[in-house]
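Written below as structure tokens is the structure these notes are about.
Note that the coordinates shown come from a computational prediction; the quantities given were computed from them, not determined experimentally. Numbers here simply count residues along the sequence, with the first being 1.
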Amino acid sequence: MSALWAPIAAWGDGVRTTGRPLRAVAQPAARLARFPFLLVLIGVFGLGMVGLLMLNTTLQSQAFQSRTLNRQAGELAYAQADLENQLDALAAPQELARRASELGMRPNPFPAFLVLPSGKVVGKPIPVGGHEVPALIVKTPTQLAAEQAAKRARAEAKAAAKAAKEEAAAAEAKRKAAERAAKQKAAERAAAKHKKATSPAGTTTKKGTHGRGQP
């Protein structure tokens, strides 16, 4: 062996002893055709667009429902506040007094108390007529209007009764005057008839007598 080949041979021996053994390279896998790949890509893109559209539609529907529910919650909050104000107004002492007066309840200056659970009565219950404490009676506008209407009705009825009584008295006086006038006329007619029946008869007799006496 020459001196020129000696290093190459030594290097080859080192490679054989330290490197891995050589083996055959496998055949490369067959590539997909371009057209089916485009179809698969278009299908995946279409499915993604459909999914995105469905997601967007779902989000919009949920947002609309959320706005609707928020609006309903606001309306219910206002309604609750209004009802609470009405409840506070109805629970006020003056309103309770008015409602009690409207139901016919009247304050009792002589109350009696019932002790529970023993059932003992403290105080002497005295029935009242409802006019003992007029300052505590709270009348509603309806009651005031009804009382005024009843007062006007009583006044009108009294005036109508008075007018009817006056008309009846006038009619009675007129009837009595008519009766007196009729009696007076009847008396005058009777007197005239009597006078007529008596006076002409006497005159005729005298004339007849005088005529007979003359030949």
Given the rule in the side-chain contact (heavy atoms from CB on, under 4.5 Å) test, do Gln80 and Leu76 qualify, once you have shown the distances and angles that lead to the verdict? CA-CA 6 Å; Gln80 180 181 1; Leu76 291 176; over 6 Å; no

Shortest non-hydrogen pair, Arg99 vs Leu90, comes out as NH1-CD2, 4.3 Å

Measure the CD-CZ distance between Gln62 and Arg67 for me, rounded to the nearest 0.5 Å. 12.0 Å

Which is it for Leu41 and Phe45 under the side-chain contact (heavy atoms from CB on, under 4.5 Å) test, yes or no, and what are the steps along the way? CA-CA 6 Å; Leu41 185 61; Phe45 183 74; 5.7 Å; no

Is Arg175 paired with Glu179 through a side-chain N to carboxylate O contact shorter than 4.0 Å? yes

Working to the nearest 0.5 angstrom, can you tell me the gap between Leu52 CG and Leu47 CG? 12.5 Å

Within-4.5 Å side-chain heavy-atom neighbours: Gln60 and Thr57: no

To the nearest 0.5 Å, how far apart are CG in Asp82 and CG in Leu87? 11.5 Å

Heavy-atom distance under 4.5 Å between the side chains of Lys183 and Arg180, does that happen here? no

Identify the heavy atoms of Val121 and Ala112 that sit nearest to each other, and give their distance. CG1-CB, 4.2 Å

Separation between CD of Glu172 and NZ of Lys165, rounded to the nearest 0.5 Å: 13.5 Å

Rounded to the nearest 0.5 Å, what separates atom CG in Leu59 from atom CG in Leu55? 4.5 Å

Go through Lys151 and Glu147 one step at a time and tell me if the side-chain contact (heavy atoms from CB on, under 4.5 Å) criterion holds. CA-CA 6 Å; Lys151 187 176 180 180; Glu147 290 181 357; over 6 Å; no

Can you tell me how far CD of Gln65 sits from CG of Asn70, rounded to the nearest 0.5 angstrom? 11.5 Å

